[in-house]
Amino acid sequence: MRILFAVLGVLIVGAITFCFWPIQKDIYRDKYVVAGEVRRPINAFAAHLSTAKYLTIYGKKYVSVRGSPPYYLEIPKLNSILFVTENPKHQVTFHIVNLQTKESIEIDGEASGFGGDIGSGQTPGDRYTDWIDSVNSNTITLATRSDELKVFTVLNLTTKLLERTEVLYFDKNGAVTNHMIYVKGERVK
């Protein structure tokens with residue numbers, strides 16, 4: 001009888017382990033990155049479980065990447081790419097990787113909503129898009145568009161800080177109804 005319980009215990013533990021065992025599946029590859037999803041067999045039975053996305057560049061793997069393939073935006077002016085990761089507390093990190101030097105800059109994105117629509121296939125500026133609005137020698141201005149708002153996020157490459165966030169709210173006709181500016185998380189307008 002003890003052997004039967006031991007065998008059943010091993011089978012149950014094995015089945016549970018199998019259901020949650022991560023399987024890495026590459027779904028995107030180009031000359032810069034390999035990216036994909038970490039899937040678990042349990043995902044087939046639990047539709048609301050999300051799959052973690054990863055991106056590997058120059059041998060370094062980043063997990064919990066936002067967006068859809070290719071998961072990054074090119075910054076030709078800086079010979080770099082930009083992508084966004086998110087930790088379990090929904091804190092965001094912007095990653096800028098120089099494709100020539102292979103150097104990486106990480107900028108704390110606080111609670112930014114940017115990145116979820118990278119790779120959406122839409123034209124930049126359309127609803128549900130993320131894009132690079134402008135690039136200067138020391139700043140990158142990112143933009144996000146949803147139904148009711150457009151958000152501009154300015155990243156300072158020198159200080160490695162999120163410099164400013166500007167939010168425009170729109171009505172049904174597309175007219176701006178509210179305009180807010182945040183610096184270091186504090187509303188200044």
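Computed from heavy atoms alone, side chains included, the values below leave out hydrogens, waters and symmetry copies.
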Quick one: are [X] and [Y] in side-chain contact, heavy atoms under 4.5 Å?
{"X": "Ile105", "Y": "Glu103", "value": "no"}
{"X": "Phe94", "Y": "Ser112", "value": "yes"}
{"X": "Phe170", "Y": "Arg145", "value": "yes"}
{"X": "Phe114", "Y": "Leu162", "value": "no"}
{"X": "Tyr128", "Y": "Asp147", "value": "yes"}
{"X": "Leu155", "Y": "Thr139", "value": "no"}
{"X": "Gln24", "Y": "Lys61", "value": "yes"}
{"X": "Phe83", "Y": "Leu73", "value": "no"}

Quiz item: So, the side chain of Asn156 versus the backbone of Thr159: is there a donor-acceptor pair under 3.5 Å, distance only?
Solution: yes
Quiz item: Counting only heavy atoms not in Gln122, do more than 12 sit closer than 6.0 Å to its CD atom?
Solution: yes
Exercise. Please check if any side-chain donor atom of Thr129 sits under 3.5 Å from a side-chain acceptor atom of Asp117, or the reverse.
Key: no
Quiz prompt | side chain to side chain donor-acceptor pair (under 3.5 Å) partners of residues 65-74, not counting sequence neighbours, each pair once | solution = Asp30-Tyr72, Arg66-Glu86
Quiz item: Applying the side chain to side chain contact (heavy atoms under 4.5 Å, CB included) test to Tyr169, which of Val151, Thr177, Val176 qualifies?
Solution: Thr177
